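Remarks on the structure that follows.
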Amino acid sequence: MDTKKLHPHFQEVLWDEATIDKRISELATWVDETYKDSKDLILVGVLKGCIPFLAKLSAKVTKDHSIDFIIASSYGGTAKSSGSVKIVLDLASDISGKDVLIVEDIIESGITINKISELLHTRNARSIRVMTLIDKPFRKVEFKPDVTGFLLTQKKFLVGFGLDYFEKLRNLPYVGVFNLDYLEHEIYKPKK
Ligand code: IMP
Ligand code: MG
């Protein structure tokens, strides 16, 4: 990729647009195969990080499906996990009897997805599976996604393609490592 175009708040790009696109095509094939006999498939995106991922995935999946969203707050806009998770917005749909695929941007400690998964498991879905674009497996609670786009074994803070730093950088079409020189940057300073 043309590094001159790289956003200054990125230290390096890990997965560029073409690489992400190709992997999402493979994930869409996984969805079509896994749910070929499903009568009612619903993709549940975990906002807001799931947006670019879910949009691309949903467009590539050929199996009929609906989509819905859930918002869980965990990081609170900082580069560290707070450890406590709140469901800020619940699903609009009833998932009983449906095949639910939760679509996450990234799993790290497992705390967020564990909380969402526990909640949805109380609602009599036919099945519940979890797909994450990125797994950064530094778990505080045990959690294994059913399918993963990319695995990152280094504890780096990532931004781009849905992943944010203080709500910014989600719009970039690639995923990369946040440039820590900008941690104290004025526009990203947490509001006190
Ligand atoms: P967990 O609860 O530690 O598994 O973190 C899950 C959530 O934290 C994700 O849904 C993201 O919103 C956020 N998160 C975790 N790692 C990163 C990262 O490297 N960059 C941006 N957000 C992250
Ligand atoms: Mg998320």
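Residues take their numbers from the sequence shown, with the count starting at 1. Every number for a ligand or one of its atoms is a count from 1 in the order of the listing. Bear in mind the structure is a predicted one, so any value in this text is a computation, not a measurement.
- The shell of residues lying under 4.0 angstrom from ligand 1, judged by heavy atoms, excludes I134.
- Panel note: side chain K63, backbone K36; a donor-acceptor pair is recorded below 3.5 Å.
- At least one N or O atom of E104 sits closer than 3.5 Å to an N or O atom of ligand 1.
- Donor-acceptor pairing under 3.5 Å is recorded for the side chains of K60 and S25.
- The closest approach between a heavy atom of I107 and any atom of ligand 1 is below 4.0 Å.
- Neither the backbone nor the side chain of K140 comes within 4.0 Å of ligand 1, counting heavy atoms alone.
- Note on ligand 1: I113 sits outside its first shell, no heavy atom being nearer than 4.0 Å.
- Closest to atom 17 (C) of ligand 1 by heavy atom, among K156, K136, K155, is K136.
- Counting heavy atoms closer than 4.0 Å to ligand 1, residue D105 contributes side-chain atoms (C-beta onward) but none from N, CA, C or O.
- Scanning both residues, D99 and K39, for their nearest heavy atoms gives OD2-N, 4.3 Å.
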Given side chain to side chain donor-acceptor pair (under 3.5 Å), test T19 with D16 step by step and report yes or no.
-> CA-CA 5 Å; T19 306; D16 65 14; 2.6 Å; yes
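- Counting atoms of ligand 1 from 1 in the listed order, those under 4.0 Å from a heavy atom of L158 are 18 (C), 19 (O), 20 (N), 21 (C).
- Among the atoms of V159, none of the N or O lies under 3.5 angstrom from an N or O of ligand 1.
- Checking G110, G162, S109 against atom 3 (O) of ligand 1, the nearest heavy atom belongs to S109.
- Under the 3.5 Å distance criterion, the side-chain polar atoms of R23 are left unmatched by any main-chain donor or acceptor of L27.
- Of all the atoms in ligand 1, the ones that sit under 4.0 Å from a non-hydrogen atom of D164 are 21 (C).
- With D68 contributing its side chain and L91 its backbone, the two residues share no donor-acceptor pair below 3.5 Å.
- For Y165 and Y182, the ring centers are positioned 6.0 Å apart or more.
- In this structure, a donor-acceptor pair under 3.5 Å is absent between the side chains of S96 and N124.
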